[in-house]
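See below for the structure under consideration.
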Amino acid sequence: MDSLMTLAADPAAWAALITLVVMEVVLGIDNLVFISILSNKLPLEQQAKARRLGIALALIMRLALLSTIAFIVGLTATVFELPWTGPIGEDGKAMFELAFSWRDLILIAGGLFLVWKATTEVHHTMDPTPSPNLLDKDGVMAAGVTMNFGAAIVQILLLDMVFSIDSILTAVGMTDHLPIMVIAVVFAVVVMLVAAEPLAKFINDNPTVVMLALGFLLMIGATLIADGFGVHVPKGYIYAAMAFSGLVEALNMASRRAQQRKAQAAMDNSQSVP
């Protein structure tokens, strides 16, 4: 209790908490976009359940990882190193690393899975005659159902693990205080829970946003792979690009709505003229 009171009176602790909350919320939204896209492929009556279960798994996984901080920190220790070096950059250092920790391997595997999944979904969206189920080569499944509940949860769980490890390592790198980490993680998951239904409905109602979200997932997957090879792309650049793309898409949506209203008004006027 004394330590909590000490933290509450420390301005630096509050600054760390606010910064970490923002970072955790951003990482959580990335996680939620993936959950929303996958859950929207389920039958309507299973979608909300899949989202709630996916978010609950994300929270459990993050809290479980927080309880094993020493283990998480150990994930950054080198497991093996390839006997080569990357090209030398202008700064005299290798452009990428070939010494891998468990964290690196998890990020690379998660990034590859995310790139594969996003690419598959892009292909499925653009295919004029898509198979009812991307995971079934024969396409044998009930009409309109693109994925079963178990397959969706397994894929959500895999990405929850990747995003959770990235989230906790971000927390560990920003503060040494466990209470601050717990508060930030729980707050981010609460935001995910509140935003889950509106975000899923928004994505489902706006097909062009689905393609934009899949583009985000491709970019995040490539960033995870690069991070696994020691190429650290500043997250500020990634999220600035995402924000700019989102703004452009919002303007496009507003333009389409204006054109629809104009067309509807012209049609109403033509019908009112005798």
Side-chain angles (χ1 to χ4, degrees), residues 16 19-20 23-35 38 54-87 89 93-119 151 153-182 184-186 188-189 192 216-239:
T19 305
L20 186 54
M23 290 297 299
E24 293 295 330
V25 167
V26 171
L27 290 172
I29 294 299
D30 292 343
N31 200 169
L32 186 56
V33 167
F34 183 85
I35 292 175
L38 278 180
I55 294 170
L57 289 171
L59 175 59
I60 292 170
M61 201 167 296
R62 282 163 167 78
L63 292 178
L65 291 174
L66 276 174
S67 67
T68 56
I69 290 294
F71 171 73
I72 296 300
V73 173
L75 288 177
T76 59
T78 300
V79 177
F80 69 91
E81 184 173 358
L82 297 178
W84 304 290
T85 57
K93 298 180 180 179
M95 298 178 64
F96 56 86
E97 299 174 1
L98 294 176
F100 300 97
S101 64
W102 282 115
R103 171 189 178 275
D104 297 330
L105 296 176
I106 292 171
L107 290 180
I108 291 171
L112 288 171
F113 174 74
L114 197 54
V115 168
W116 169 80
K117 184 60 183 174
T119 302
I153 293 301
V154 168
Q155 294 186 47
I156 288 172
L157 182 61
L158 289 174
L159 263 296
D160 275 350
M161 180 179 69
V162 175
F163 281 112
S164 293
I165 290 177
D166 197 22
S167 168
I168 299 307
L169 287 172
T170 298
V172 171
M174 294 185 66
T175 180
D176 296 327
H177 302 297
L178 184 60
I180 292 178
M181 299 181 200
V182 173
V185 166
V186 172
V189 173
M192 289 172 63
F216 290 165
L217 293 177
L218 278 170
M219 184 165 58
I220 294 168
T223 302
L224 291 176
I225 294 171
D227 200 4
F229 280 95
V231 181
H232 304 294
V233 181
K235 286 186 170 62
Y237 293 163
I238 300 297
Y239 296 122

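Rounding to the nearest 0.5 Å gives a distance of 4.5 Å between CG of Leu63 and CG of Leu59. In this structure, CD1 in Ile60 is found 12.0 Å from CD1 in Ile55, a value given to the nearest 0.5 Å. Rounded to the nearest 0.5 angstrom, Ile106 CD1 and Leu224 CG are separated by 11.5 Å. Taking CG from Leu158 and CD1 from Ile153, the interatomic distance works out to 11.5 Å, rounded to the nearest 0.5 Å. The CZ atom of Arg62 sits 11.0 Å away from atom CG of Leu57, with the distance rounded to the nearest 0.5 Å.
Minimum heavy-atom separation, Gly228 to Ile108: CA-CG1, 3.7 Å. Between Met161 and Met61, the closest heavy-atom pair is CA-SD, 3.1 Å. Heavy-atom minimum distance, Leu32 versus Met192: CD2-O, 3.5 Å. Closest heavy-atom contact between Val115 and Ile225: CG2-CD1, 4.2 Å.
Judged by distance alone, the side chain of Asp104 and the main-chain N or O of Ser101 form a donor-acceptor pair under 3.5 Å.
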Does Val79 form a side-chain contact (heavy atoms from CB on, under 4.5 Å) with Phe100? I'd like the steps, not just the answer. CA-CA 6 Å; Val79 177; Phe100 300 97; 5.8 Å; no

